[in-house]
Amino acid sequence: MATNKHWDIFCKIVDNFGDIGVCWRLAKQLQNEHQLTIRLFIDDLHVAKHLIPTLDTSLAQQTIQNITIIAWHTDTKFANAAQVVIESFACELPPPYLALMHPDTIWINLEYLSAETWVDDFHAKNSKRGQLTRHFFFPGFTSKTGGLLREHDIVNAKQQHLLKSSTLPAHDHLKVSLFCYPHAPIASLLTAIVNSNQQVSCYVPNSNTLSSVAKFFERESLHPGDQLTYKNLTLHVIPFLSQDDYDKLLSSCDLNFVRGEDSWIRAIWAGKPFIWQPYLQTEQTHIKKLHAFLNLYYSDCPPTSKESIFALHDAWLSQEISSTTWQAYLIHLDKIKQYVAQQSYTHSQQTDLATKLVIFSEKMIKNIEENKV
């Protein structure tokens, strides 16, 4: 069988960090676990540098962790196309690169993650563009989808981290990480925490939500290292973390507020209770995505606990979190913790996204070769 060891991944950073977060993790896993040669084309190195700290934004090409990173812009020169090409999130491959592709090129459009039921039917479908075939690959939570992005050793790594954490002194306060979009009802959440009967240490990374947090504390601005206390709330402003450090934060906290795609998936693997804020979309599409996920992921959760989970998620999207909604969730937190830990383990037993991509590409190449015989 012909080799398919050379892969190209195209990443267009539309907004925030989800696109590059997913692409960078995928590139590293394909290289580390499947020994593939990866070129990652990124259209905004300045944003990417937040997640890849050693990235030199002045270079057109560089190698980091055995991944070749190439600045992608209108003047980028392409010498050749890889045998397997991943077009992340319908970013549209550049015409000069498309011209280098041939009918045997395995062209995969990696779609956004969704738990909606239609994903099962549309996964792995294709369409023609001239002589080229474009395959649509949908990550998902069922065996009929493309799976979830997950390193093979993630369960063992998490268990080792939890083992180390268990040796630390017990705390009577709740540790919460807060990573969300700026339009989230941050003030109402902090107000609910302040007025609850539970002490909370809240960790907020340096991002575009800090202005809302500063306004709550009647401060002009906040910076990494700042710590503010008001009644039962102690808020810690932390630097924007690397992916590895962020994963450790999620595993260390009792509750994680996450957003988009990358941090959402990592919250699942952390095995801790989390509140997910989907990316805002027109026609309330994001609400449909949220409810599809909640219905699937918490299908076997005890009814009263499920009710509190849905209520807090909906409140987080509706611009208002009441103290009653917050307190009701905390009452069920121990049961929720047990449930999501089991769900994390259950989903970690499924075939992961990177492996499914490799299997799919090998199948496509085999079919091409057999048709040539």
Side-chain angles (χ1 to χ4, degrees), residues 16-19 21-26 28-29 51 110-116 119-120 138-162 165 175-181 241 243-279 286 289-301 305-306 308-310 312-313 316 329 332-333 335-356:
N16 300 296
F17 305 98
D19 303 296
V22 169
C23 290
W24 181 234
R25 288 190 195 272
L26 177 61
K28 289 188 294 182
Q29 188 183 354
L51 295 182
L110 180 63
E111 300 282 356
Y112 288 103
L113 172 63
S114 176
E116 294 169 285
V119 168
D120 287 10
F138 285 86
F141 295 85
T142 73
S143 59
K144 295 180 180 180
T145 69
L148 298 171
L149 187 58
R150 171 185 54 80
E151 300 86 352
H152 290 174
D153 66 348
I154 199 165
V155 176
N156 291 334
K158 183 178 69 177
Q159 289 175 340
Q160 289 296 319
H161 179 73
L162 292 176
S165 300
K175 293 179 67 176
V176 176
S177 74
L178 178 58
F179 186 48
C180 60
Y181 295 117
L241 301 175
Q243 288 183 323
D244 288 343
D245 287 339
Y246 182 67
D247 291 349
K248 292 175 183 176
L249 175 68
L250 293 175
S251 294
S252 300
C253 287
D254 303 295
L255 171 62
N256 298 300
F257 284 79
V258 293
R259 72 184 201 189
E261 183 156 332
D262 185 49
S263 60
W264 172 29
I265 299 172
R266 304 315 286 193
I268 291 172
W269 301 137
K272 298 295 188 69
F274 61 91
I275 302 298
W276 174 49
Q277 181 190 21
Y279 186 77
H286 59 293
K289 287 190 68 173
L290 172 65
H291 286 175
F293 168 68
L294 295 179
N295 284 319
L296 182 149
Y297 204 73
Y298 295 99
S299 59
D300 297 323
C301 189
S305 297
K306 185 191 295 187
S308 70
I309 294 167
F310 274 65
L312 187 53
H313 273 92
W316 193 226
Y329 184 87
H332 295 277
L333 190 60
K335 290 182 179 179
I336 296 171
K337 182 178 180 180
Q338 295 174 11
Y339 182 86
V340 297
Q342 181 58 50
Q343 283 290 79
S344 178
Y345 175 79
T346 298
H347 282 85
S348 73
Q349 301 308 294
Q350 299 175 349
T351 305
D352 65 278
L353 173 66
T355 300
K356 283 199 169 188

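It should be emphasised that the depicted structure is a prediction, and the values quoted were computed from it without experimental measurement.
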Under the rule for salt bridge (charged side-chain N to carboxylate O under 4.0 Å, His left out), what residues qualify as partners of R259, not counting sequence neighbours?
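Per chain and number, R259 pairs via salt bridge (charged side-chain N to carboxylate O under 4.0 Å, His left out) with no residue.
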Can you list everything that forms a side chain to side chain contact (heavy atoms under 4.5 Å, CB included) with [X]? Sequence neighbours excluded, please.
X: Q350; result: H347
X: A267; result: V258, F274
X: T346; result: Q342, Q343

Residues which pass side chain to side chain donor-acceptor pair (under 3.5 Å) with [X], listed by chain and number, not counting sequence neighbours:
X: Y181; value: none
X: Q29; value: E33, D352
X: N295; value: none
X: Y112; value: D19

Can you sort out the partners of [X] under ring-ring contact (aromatic ring centres under 6.0 Å, His included), two or more places apart, ordered by chain and number?
X: W316; result: F257
X: Y298; result: Y339
X: W24; result: none
X: Y329; result: none

Over 60° means perpendicular and under 30° means parallel, so classify the ring planes of W264 and F293, tilted if in between.
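The rings of F293 and W264 stand perpendicular, inter-plane angle above 60°.
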S305 pairs by side chain to side chain donor-acceptor pair (under 3.5 Å) with which of K335, Q338, H332?
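Testing each of K335, Q338, H332 against S305, the sole residue satisfying side chain to side chain donor-acceptor pair (under 3.5 Å) is H332.
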Output, in order, the C-alpha distance, side-chain angles, deciding distance and verdict of side-chain contact (heavy atoms from CB on, under 4.5 Å) for L26 and L110.
CA-CA 11 Å; L26 177 61; L110 180 63; 3.9 Å; yes
